[in-house]
Amino acid sequence: MQALLSPEFSVYFSSINTNSRNSSPCRSLSSLRFSKISGGCRLIRRKARLTSTRAVLDAAAIEELGLTESDIRNPAISSTYRSSKLPKPNQTVLEAQTRICTGPTQTRPLSEEQAFKVLDTILRSGWSSFTDLVAMLVKSEETQWSEGERHAMNIFWPLLLRALPPDVIFIADPEGSIMGLASSVGPQFIGNGTSEMRLVGALREILAGGHLGYEEVQGVMKDVLPLKLEDGKSTGISESLLSAFLIGQRMNRETDRELKAHCLAFDDEHGPAPVADVCSLTHYGEPYDGNTRYFRSTLFVAAVRSCYGESSLLHGVEWMPPKGGVTEEQMLNFMGANTNLSLHQAKELIEDEEVGFAYISQREARPSLYSLIGLREHIKKRPPLATTEKVQQFIRAKGRESIVAGFYHEGYEEPLLMLMKRRGVHSGLVVKGEEGALSMTTRLRSASTSKGLPVNHCSGFRSVGMESACKEGGVSLQSFRLEVNATDYGFEPTDTPRTDRSVSKNIELGLAALHGQKGPAYDRIVLNAGIVDHLLGCDGAEDVTMALDKAREAIDSGKALKKLLNYIRVSQKLK
């Protein structure tokens, strides 16, 4: 089996496999170094350092493989998974966007001096930063220009009016009256071609603070995506206009029909979803932009749950802005698994009794949406898709289906549950885990917790045979809402393991836990497996204590680790 693993993971697995079940891994993945010998690469073990070391290729190997510096992936840093083919945003403008209008009611205005610097940068950079500017122009009623920003715009707008392309002028000034200067560009702008004209028409409504219908949103999205054709050529749609379309809906607070349209728009991109012959399937919707601080446990939770018949489908991308954090695809890639699976190949893995779970990349499942990654980096803000992509059913099941999704901002738990019900699943769960991800924590709630829902908040529904439950599509659904306190279930309070963008650290923690090493990572996996089973109403999980014990047995018996290794081995054969 080891020969099938990636070289890095193979060496790491050897190091933990030679130790007792409860001992610590003796080497860190970040202590590995590539060296070219006889046209290939061999691994040299280096003494582990206190600080993360870099996994590098020597100069000859870099040249032979045709790699650039930005193509070399450091297993200690998730940001190295960003594709070097994506054009980089203007950093000055991007930093400003991290402050301005980050949500319908959230903004940290620029000072006059900061605004001058940003607008001057845009003028000097020209076309390369015009799309970046769009994210600063689209505002809600509660995030208007500050006094300093307005003063800077008063001075720069006449200059920008001469430099900006018509589509950006339209976005900034659709009525032709900004800053007291009359302009006919915005009012007369219609776009180029049928698809762009349709986009401009929808955008006028959005920029005026209005909302769109279900069919209107779907029509626009299907018209303009994918951004690139199969031959790599651009479709010719203005990325500035599409950016404003996505940002504007978020700033106006998306309606249920707008969210449903985004959620379902590309369900038919590859035809009907394959149907897996399993009794239970849980779709896991982690935030696609990953984790930057804390251990991301869902991959290891899926391996645990598969040991007792609870199949899982994970989905995501290798790298996604704005966080650019650690994702399941990065971890699976580093361990040598195949992350280019088709939907039918993923179905095979779910049905395989030796595996019982699968990961599917958006790259394979929804190429139209995947084409937006570069644009999403430029706009910085999370578009409606950041919510809806978490509620997908790339594969269906003959048996019971559930969806679990993470959230951070209060107000999105109900829309997420609405989308799950629209999918027709038997049960749904939204979790406010750490960093807005799915992982509930065993640490105590801080006394200085900020306002809003606490970490470990859960809301959801499950199908029951109760007349008192609400009806949804002819199925009785029982709703629930609670805060999970790990100490109520016998867990000792522990701080969540920090990983700080390290792919290798996530793997190290997860594998040590599946090896039976007790500690925070082990507890986190057990808690998230058992509580999810219980809240979704899975068979044999009516008693939460029994559900947690079942998760512990899956780990302590070695079955969960075997499932993960089987996944790597079997997925490789599907290439």
Side-chain angles (χ1 to χ4, degrees), residues 86-189 191 199-200 203-204 206-209 238-252 321-322 374-383:
L86 296 174
K88 288 189 175 181
N90 183 292
Q91 290 304 304
T92 298
V93 183
L94 199 66
E95 288 171 12
Q97 288 169 207
T98 63
R99 294 172 54 94
I100 300 176
C101 304
T102 52
T105 62
Q106 297 170 313
T107 189
R108 290 181 297 148
L110 300 178
S111 66
E112 186 173 322
E113 182 181 354
Q114 290 169 326
F116 263 82
K117 180 181 178 181
V118 170
L119 294 174
D120 181 64
T121 299
I122 290 168
L123 274 177
R124 292 176 185 275
S125 301
W127 286 86
S128 63
S129 62
F130 288 161
T131 299
D132 303 337
L133 171 64
V134 169
M136 298 172 59
L137 296 174
V138 181
K139 297 176 177 285
S140 70
E141 290 185 4
E142 298 177 60
T143 58
Q144 295 302 306
W145 297 102
S146 68
E147 184 177 343
E149 291 168 343
R150 181 170 291 278
H151 186 224
M153 277 294 289
N154 270 321
I155 293 173
F156 274 90
W157 183 244
L159 301 174
L160 290 168
L161 198 57
R162 294 196 292 269
L164 294 175
D167 56 338
V168 180
I169 293 175
F170 158 67
I171 295 166
D173 189 19
E175 302 299 326
S177 58
I178 192 173
M179 304 303 167
L181 293 177
S183 170
S184 62
V185 177
Q188 294 180 5
F189 184 77
L199 175 58
V200 170
L203 191 49
R204 283 195 183 277
I206 291 170
L207 293 175
S238 163
E239 293 193 10
S240 296
L241 294 174
L242 183 53
S243 297
F245 178 81
L246 296 173
I247 297 168
Q249 285 186 295
R250 172 53 55 99
M251 298 303 288
N252 291 347
L375 180 144
R376 288 172 69 166
E377 183 180 16
H378 281 258
I379 67 177
K380 191 68 178 179
K381 302 170 180 62
R382 290 176 175 84

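We're numbering straight along the sequence, starting at 1.
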request  = With rounding to the nearest 0.5 Å, note down the distance linking CG in L207 to CE in M251.
outcome  = 12.0 Å

ask   = Rounded to the nearest 0.5 Å, what separation is found between the CG atom of L164 and the CD1 atom of I169?
value = 5.5 Å

ask   = Between Q188 and R204, what is the shortest heavy-atom contact and its length?
value = N-NH2, 4.2 Å

message = Could you report the tightest heavy-atom contact between G148 and A115, atom names first, then the distance?
response = O-CB, 4.3 Å

inquiry  = So S146 and L110, do their side chains get closer than 4.5 Å, heavy atoms only?
reply    = no

ask   = For D173 and V185, what are the C-alpha separation, side-chain angles and deciding distance, and is it a side-chain contact (heavy atoms from CB on, under 4.5 Å)?
value = CA-CA 8 Å; D173 189 19; V185 177; over 6 Å; no

request  = Using ring-ring contact (aromatic ring centres under 6.0 Å, His included) as the criterion, list what pairs up with F245, not counting sequence neighbours.
outcome  = none

key: Contacts of R382 that satisfy side-chain hydrogen bond (donor to acceptor under 3.5 Å, both in side chains) - sequence neighbours left out   = D289

task = Would you mind reporting whether L246 and L375 have side-chain heavy atoms less than 4.5 Å apart?
result = yes

ask   = Can you name the residues that form a side chain to side chain contact (heavy atoms under 4.5 Å, CB included) with T92, not counting sequence neighbours?
value = N90, K117, V118, T121

query = Does the side chain of L241 reach to within under 4.5 Å of the side chain of F189, using non-hydrogen atoms?
reply = yes

request  = Over all heavy atoms of both residues, which pair between D167 and S240 is shortest? Give the atoms and the distance, please.
outcome  = OD2-CB, 3.6 Å

request  = Grab the two heavy atoms, one from A163 and one from L123, that are nearest each other, plus how far apart they are.
outcome  = CB-CD2, 3.8 Å

request  = Search all heavy atoms of I206 against all heavy atoms of Q249 and return the closest pair with its distance.
outcome  = CD1-CG, 3.7 Å

ask   = So which pairs with a foot in residues 87-120 pass ring-ring contact (aromatic ring centres under 6.0 Å, His included), sequence neighbours left out?
value = F116-F156

key: Heavy-atom pair with the smallest gap, counting every atom of A172 and P174   = C-CD, 3.7 Å

task = Measure the OG-CH2 distance between S183 and W157 for me, rounded to the nearest 0.5 Å.
result = 7.0 Å

task = For R376, enumerate each residue passing the side-chain hydrogen bond (donor to acceptor under 3.5 Å, both in side chains) test, keeping only those at least two apart in sequence or located in another chain.
result = E389

Atom pair NZ (K380) and CD1 (I247), whose distance is rounded to the nearest 0.5 Å = 12.5 Å

ask   = Excluding sequence neighbours, so at least two apart, what forms side chain to side chain contact (heavy atoms under 4.5 Å, CB included) with E377?
value = R82, L86, P89, W319, P321

query = For E112, what residues pass the side-chain hydrogen bond (donor to acceptor under 3.5 Å, both in side chains) criterion, not counting sequence neighbours?
reply = H151

